[in-house]
**Q** 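Below is one structure. I have some questions about it.
FYI, the numbering just counts along the sequence from 1.
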Amino acid sequence: MAKIELKKPVVEEISGVITDADSVVLVNYSGLTVEQETELRKTLREAGITYKVYKNTMMNFAFKGTSCEELCKYLEGTNALAVSKDDATAPARVLDEFAKKNPKLELVAGVVEGNFYDAAGVHALAAVLSREELLSKLLGSIQIPITNFVRVIKQIVETNGGEIEEAE
């Protein structure tokens, strides 16, 4: 069996992982201990993020002709992929939080919803709240005017002794 036939399933696996992904983040994990790597994998798994180490040459072949093609120039050293198909900012958020505690982990670059981001861009994406957090903030801001209106009406009723005056 030729070497290329042995590598083809790996390239297809990578292509399958990045296809229809909301977010693909490339990280350099060199210098992490086994315990740190295990903790990172556990944290990512709990967040619903696929994390896997592939050979750079395999990723290079899989990225060609996709929205992740710009990541090819960053494929040097010990790299891994963190991929999310549900939450576009989750990999950046989780990896950035982990990198704060473990500075050996380096966010290299990423592709989020088809847009390429360098390391600084990935760090900026990490500051974006999740969809659920943004929705709860929106609901909270919608409720504030309604709550204030109800308080004013209640105070008017209380100051008039429970009677509502009719305007003439």
Side-chain angles (χ1 to χ4, degrees), residues 1-140:
M1 195 177 235
K3 282 187 176 185
I4 200 157
E5 291 176 17
L6 295 172
K7 295 177 181 181
K8 198 172 187 178
V10 177
V11 173
E12 289 174 357
E13 178 186 342
I14 298 168
S15 296
V17 168
I18 64 172
T19 302
D20 299 327
D22 281 350
S23 179
V24 177
V25 178
L26 187 68
V27 296
N28 183 331
Y29 63 92
S30 70
L32 291 180
T33 65
V34 174
E35 292 82 20
Q36 291 169 330
E37 182 76 19
T38 304
E39 180 187 345
L40 174 62
R41 288 177 186 271
K42 180 180 181 248
T43 305
L44 290 168
R45 194 176 324 108
E46 288 170 353
I49 300 165
T50 304
Y51 178 81
K52 192 146 184 197
V53 176
Y54 295 104
K55 286 188 172 185
N56 289 334
T57 54
M58 300 297 135
M59 288 191 280
N60 191 31
F61 287 127
F63 292 165
K64 295 288 184 191
T66 68
S67 61
C68 296
E69 190 164 3
E70 290 190 62
L71 295 176
C72 291
K73 59 186 170 191
Y74 296 96
L75 293 174
E76 293 178 9
T78 52
N79 294 311
L81 284 180
V83 181
S84 176
K85 295 194 183 245
D86 302 324
D87 187 352
T89 60
R93 242 184 302 111
V94 173
L95 290 167
D96 187 60
E97 190 66 33
F98 189 83
K100 288 177 184 172
K101 293 182 258 175
N102 303 285
K104 297 278 186 182
L105 182 72
E106 176 190 358
L107 289 109
V108 178
V111 175
V112 178
E113 294 180 341
N115 299 314
F116 172 78
Y117 295 93
D118 60 359
V122 174
H123 284 290
L125 279 171
V128 175
L129 300 175
S130 70
R131 183 176 188 272
E132 290 78 21
E133 291 169 321
L134 289 171
L135 285 174
S136 67
K137 283 187 179 252
L138 175 66
L139 285 174

**Q** Do you know the tightest heavy-atom contact between A62 and I18?
**A** O-CD1, 4.0 Å

**Q** Judged by atom type as modelled, is there a donor-acceptor pair below 3.5 Å linking the side chain of E46 to the main-chain atoms of T43?
**A** no

**Q** Any heavy-atom pair between the side chains of K52 and L81 that's under 4.5 Å?
**A** no

**Q** Could you report the tightest heavy-atom contact between L95 and A82, atom names first, then the distance?
**A** CD1-CB, 3.7 Å

**Q** Side-chain contact, heavy-atom cut-off 4.5 Å: N79 with M59?
**A** yes

**Q** So, for A109 and L71, which heavy atoms are closest and what is the spacing to 0.1 Å?
**A** CB-CD2, 3.6 Å

**Q** Which value, rounded to the nearest 0.5 Å, describes the distance between K8 atom NZ and E13 atom CD?
**A** 15.5 Å

**Q** Check whether any side-chain heavy atom of V122 sits under 4.5 Å from a side-chain heavy atom of D96, and report yes or no.
**A** no

**Q** Got a second to check how far L75's CG is from M58's CE, nearest 0.5 Å?
**A** 12.0 Å

**Q** Which heavy atom in V94 sits nearest to a heavy atom in I49, and how many Å separate them?
**A** CG2-CD1, 4.0 Å

**Q** Could you check whether atom OH of Y117 has more than 12 heavy atoms from other residues, nucleotides or ligands sitting under 6.0 Å from it?
**A** yes

**Q** Give a yes-or-no answer on whether the side chains of T78 and N28 include a donor-acceptor pair shorter than 3.5 Å.
**A** yes

**Q** Would you mind reporting whether N60 and Y54 have side-chain heavy atoms less than 4.5 Å apart?
**A** no

**Q** Quick check for you: to the nearest 0.5 Å, what is the distance between I14 atom CD1 and F61 atom CZ?
**A** 10.5 Å

**Q** For residues D22 and K85, determine if any side-chain heavy atom of one lies less than 4.5 Å from a side-chain heavy atom of the other.
**A** no

**Q** Between V53 and R41, is any pair of side-chain heavy atoms under 4.5 Å apart?
**A** yes

**Q** Can you tell if the side chain of Q36 reaches within under 4.5 Å of the side chain of T33, non-hydrogen atoms only?
**A** yes

**Q** Working to the nearest 0.5 Å, report the span between CG of L40 and CD of E35.
**A** 13.0 Å

**Q** Does D118 reach the main-chain N or O of G121 with its side chain, forming a donor-acceptor pair under 3.5 Å?
**A** yes

**Q** To check you understand the geometry: which heavy-atom pair defines the closest contact between V83 and P91, and what is its length?
**A** C-CG, 4.4 Å

**Q** Could you tell me whether a side-chain N or O of D87 sits under 3.5 Å from a main-chain N or O of T89, the two making a donor and an acceptor?
**A** yes

**Q** Measure the CZ-SG distance between F116 and C68 for me, rounded to the nearest 0.5 Å.
**A** 10.0 Å

**Q** Which value, rounded to the nearest 0.5 Å, describes the distance between E97 atom CD and L105 atom CG?
**A** 12.0 Å

**Q** Would the distance check show the side chain of S23 and the main-chain N or O of A88 forming a donor-acceptor pair, the cut-off being under 3.5 Å?
**A** yes

**Q** Could you tell me which non-hydrogen atom of A80 sits nearest to which non-hydrogen atom of Y29, and how far apart they are?
**A** CB-CD2, 3.9 Å

**Q** Could you tell me whether the side chain of Y51 reaches within less than 4.5 Å of the side chain of R45, counting heavy atoms only?
**A** no

